[in-house]
Student: 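Mind looking over this structure? Questions follow.
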Amino acid sequence: MSTRLSQLFVRTLREDPVDAEVASHRLLVRAGYIRRQAPGVFAWLPLGLRVRRRIERIIHEEMAAAGAQEVLFPALLPREPYEATGRWEEYGDGIFRLKDRKGADYLLAPTHEEVFTLMVKDLYSSYKDLPLTIYQIQDKYRDEARPRAGLLRGREFSMKDAYSFDYTDEGLDASYQAQRDAYERIFQRLGLDYVIVKADAGAMGGSRSEEFLHPTPIGEDTFVRTDGGYAANVEAFHTVPPAALSIDDAPEPTVFESPDTPTIETLVALANERHPREDRPWTAADTLKNVVLALVAPDGGRELVIVGVPGDRDVDMKRAEAAFSPAEVEAATEADFARNPGLVKGYIGPWSPEGPVLGETSFTGIRYLLDPRVVEGTQWVTGANEPERHVFSLTAGRDFISDGIADIAEVREGDEAPDGSGPVELARGMELGHVFQLGRKYAEALGLKVLDENGKLVTVTMGSYGIGVTRILAAIAELGNDERGLIWPRSVAPFDVHVIAATKDETVYGVAEDIVAQLEATGADVLFDDRLKVSPGVKFGDAELLGVPIIVVVGKGAADGTVELWDRRTGVKTPTPIAELTEAYRQLP
RNA sequence: CGGGGCGUAGCUCAGGUUGGUAGAGCGCUCGGUUUGGGACCGAGAGGUCGCAGGUUCAAAUCCUGUCGCCCCGACCA
């Protein structure tokens, strides 16, 4: 197959589009692969669609190899199934909702667990029908608060989503492993680095969940890993609690004056100045910071919760969101404080000489959770619940207790991994895939049961497996580009080879046509820049911008039987006799 | 939700303070010259200046409101 550039529906831009920041977005627009239609919504032009189709092909092949069958569900779905699982509420503003002419509620699906589950329920009712894995490549819709970076976080995006159905836990493990293996092969074929990290399994159901992260500084996820092989999204990281200490010889709590200490820093400075320790200076890690959070439930209910964390650590809002999901986490507002006059802003602590201040059984009744590091016997400097007063030697387990653990403080480089494999390092990554053992949550909510070997009804156990197709495309573009344009790997390039007729000499054009035919005969998909009145410089520039990895320049030397074989990836241009071109092209990596 | 920036031709942007027939470069069309790194000459097409209201003889420009877009932040008590 060959395509003439003069006929291709594309217009390259000489200048960067003003609204694009990241390289993939900027270059995909400039090279005429995609065009923005709305925030986070893009139209696909022939070049972009070709790359997308090639990525999809690789996914289809690996899904088939993993025994998954392709189906296709609509994006437009009724409310009811999502109502049954609670996700109509849970998603909040995160989904596009619409009404039909009768006023019935619909949504544009953000994922399809519900309708896949219902379809299997409709059609199957025996263990003999299982296991089953079905998948689709389909557009998903999420009303992101802030779409950004072009294709990297869109409101419409293409996703391969697969769902497995088993009637035993062992079956689920096998189905999960098959998808996980397929993902590894897919990313390897696409030439994308990836790290498989433990992921947050969510507040509801789900036993095992892993993300495929592509390490990159522009990634939106932070993950930790150790040399010992541990890897986890920070949202799924579990802090190792220290051993409890004896409370017998802990000194009694001592209240002290602490004016002008709005921050932990100023508090530590004051403590060192007025009440120095004998063994070492006070540090932020000696203080207990009581962070007031507001949890907003999907139904709109608002609850305050206070989390005590060591003062040298901030609360990681993403970890908090994961921990309190499905509730949204917000900072407490002035209005929240006004409704809770028992909280002395800036001097909040769990204790007062009169008794406990925080906790469900205290007089404020506000739920109080503690960082895992705050184990029994540890002593803290914290607020005394009076203006300009803090307290020393407040001892956990003796002077205050909590309603539970909240492991939501930031994770730091050097923290110990929970599996004992050593200190962690932090890195940024882009989530390209997610495999997830859902367990029986959806099957239970929607009544998907089958008869087992004994004639007994059993609830089906499920897995869901997603890969962001358009995000992968952006990730590849992000990885392969330079100041002149895109550079595609051969596995997904829109064309296999780009032939440039770098002249207006008619006989040379004839040679170029022959070369196109010759390359086509090898099975290559050829892009032929046949534009007659366009100068060579423009053609070279466009070739570099479009990013087809192999370029053949047919120019002056053509009359003598020589063309240039140009590797866009290395920049190397090799003069090649036309007779040897096909072979030389085949030899390229 | 908060902060900042921006809405003028397909793209990138001037013009606005000082109101007076809407501009440039690139791209596009036609004619001619040119042809291995984004050529040149000439002639053209193309814009409700985001939207609404107001002031004015007159508004892209001043005023009010509104909508949209981009970026950053979302907490450290």
Side-chain angles (χ1 to χ4, degrees), chain A residues 10-22 25-26 29-32 35-41 93 145-150 153 258 261-268 284 287-294 296 304-321 328-334 336-337 340 343-349 358 371 382-383 385 387 390 408-410 484-485 500-506 508-509 512 529 531-545 551 553-559 562-564 566 573 575:
Chain A
V10 67
R11 171 111 296 129
T12 57
L13 304 178
R14 187 169 290 202
E15 289 168 278
D16 284 334
V18 70
D19 58 355
E21 285 284 313
V22 300
H25 185 197
R26 191 163 41 81
V29 172
R30 194 145 87 84
R35 299 285 292 185
R36 196 189 76 100
Q37 297 295 109
V41 180
D93 292 333
R146 190 156 77 88
R148 54 176 290 272
R153 176 172 292 281
S258 58
T261 54
T263 65
I264 295 290
E265 267 180 29
T266 51
L267 174 62
V268 170
T287 68
L288 184 65
K289 180 163 61 177
N290 295 293
V291 180
V292 185
L293 299 173
V296 183
L304 282 194
V305 60
I306 297 181
V307 182
V309 300
D312 60 332
R313 303 231 178 204
D314 294 333
V315 166
D316 181 326
M317 287 306 267
K318 279 190 174 174
R319 300 193 77 207
E321 292 275 357
E328 302 256 324
V329 183
E330 294 177 5
T333 62
E334 291 299 335
D336 288 321
F337 281 99
N340 291 276
L343 299 178
V344 184
K345 203 178 172 194
Y347 300 89
I348 297 171
L358 306 179
D371 184 270
T382 192
N385 294 296
H390 279 78
I408 62 171
E410 64 182 359
R484 293 181 171 276
I500 296 175
T503 175
K504 296 208 171 99
D505 184 321
E506 278 185 28
V508 172
Y509 257 83
D529 192 345
R531 294 175 295 177
L532 260 173
K533 296 193 171 177
V534 174
S535 66
V538 172
K539 291 180 177 175
F540 293 148
D542 276 344
E544 286 166 317
L545 180 58
I551 303 164
V553 183
V554 184
K556 278 177 178 167
T562 303
V563 295
E564 272 177 289
W566 178 7
K573 295 179 185 176

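Proteins come first, then strands; the chains are lettered A, B, ... in the order of their sequence lines, and each starts at number 1. Since the structure is predicted, the reported quantities are computational estimates derived from the model, not experimental observations. What you see below is based on every heavy atom in this structure, not just the backbone, and it leaves out hydrogens, waters and symmetry mates.
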Student: Got a sec, which residues hit side-chain hydrogen bond (donor to acceptor under 3.5 Å, both in side chains) with Arg26(A), two or more places apart in sequence or on another chain?
Tutor: none
Student: Return the set of residues passing side-chain hydrogen bond (donor to acceptor under 3.5 Å, both in side chains) with Asn290(A) (not counting sequence neighbours), or none when no residue passes.
Tutor: Tyr368(A), Thr382(A)
Student: Between protein and nucleotides 29-32 of chain B, what N or O pairs are separated by less than 3.5 Å?
Tutor:
none

Student: Name all residues meeting the salt bridge (Lys or Arg N to Asp or Glu O under 4.0 Å) criterion together with Arg313(A); count only those two or more places apart in sequence or in a different chain, and write none if there are none.
Tutor: Asp415(A)
Student: Out of rG38(B), rA77(B), rG36(B), which has the shortest distance to the side chain of Arg30(A)?
Tutor: rG38(B)
Student: List in chain and number order the residues that pass side chain to side chain contact (heavy atoms under 4.5 Å, CB included) with Ala31(A), two or more places apart in sequence or in another chain; answer none if no residue qualifies.
Tutor: Tyr33(A), Leu486(A), Leu545(A), Leu546(A)
Student: Tell me every residue that passes side chain to side chain contact (heavy atoms under 4.5 Å, CB included) with Val10(A), counting only those two or more places apart in sequence or in another chain.
Tutor: Leu5(A), Leu8(A), Leu47(A)
Student: Using modelled atom types only, decide if a donor and an acceptor are shared between the side chain of Lys289(A) and the backbone of Val315(A) within a distance under 3.5 Å.
Tutor: no
Student: Can you list everything that forms a side chain to side chain contact (heavy atoms under 4.5 Å, CB included) with Lys573(A)? Sequence neighbours excluded, please.
Tutor: Glu564(A), Trp566(A)
Student: If the condition is side-chain hydrogen bond (donor to acceptor under 3.5 Å, both in side chains), which residues does Arg153(A) pass it with, not counting sequence neighbours?
Tutor: Glu144(A), Glu220(A)
Student: With a 4.0 Å cut-off on heavy atoms, is Glu544(A) in touch with a base, just the backbone sugar-phosphate, or nothing at all?
Tutor: base
Student: List the protein contact pattern of nucleotides 40-45 of chain B with one symbol per nucleotide (5' to 3'): B for base contact, S for sugar-phosphate-only contact, - for none; contact means a heavy-atom distance under 4.0 Å.
Tutor: ------
Student: So which protein N/O to nucleotides 10-14 of chain B N/O distances come out below 3.5 Å?
Tutor:
residue	atom	partner	partner atom	Å
rU12(B)	OP1	Val18(A)	N	2.8
rU12(B)	O2'	Glu15(A)	OE2	3.0

Student: By side-chain hydrogen bond (donor to acceptor under 3.5 Å, both in side chains), which residues pair with Arg14(A), not counting sequence neighbours?
Tutor: none
Student: Which listed nucleotide (rG36(B), rG37(B), rC70(B)) is nearest to the side chain of Glu564(A)?
Tutor: rG36(B)
Student: When we call it a touch if two heavy atoms are under 4.0 Å apart, what does Val553(A) touch: a base, just sugar-phosphate, or nothing?
Tutor: base
Student: When you get a sec, tell me which of rC75(B), rC69(B), rG36(B) is the closest nucleotide to the side chain of Arg36(A)?
Tutor: rC69(B)
Student: Looking for any heavy atom pair under 4.0 Å, which part of the strands does Arg313(A) touch: base, sugar-phosphate only, or nothing?
Tutor: nothing
Student: For Arg484(A), which residues count as a side chain to side chain contact (heavy atoms under 4.5 Å, CB included) partner, sequence neighbours excluded?
Tutor: Asp482(A), Glu544(A), Arg568(A)
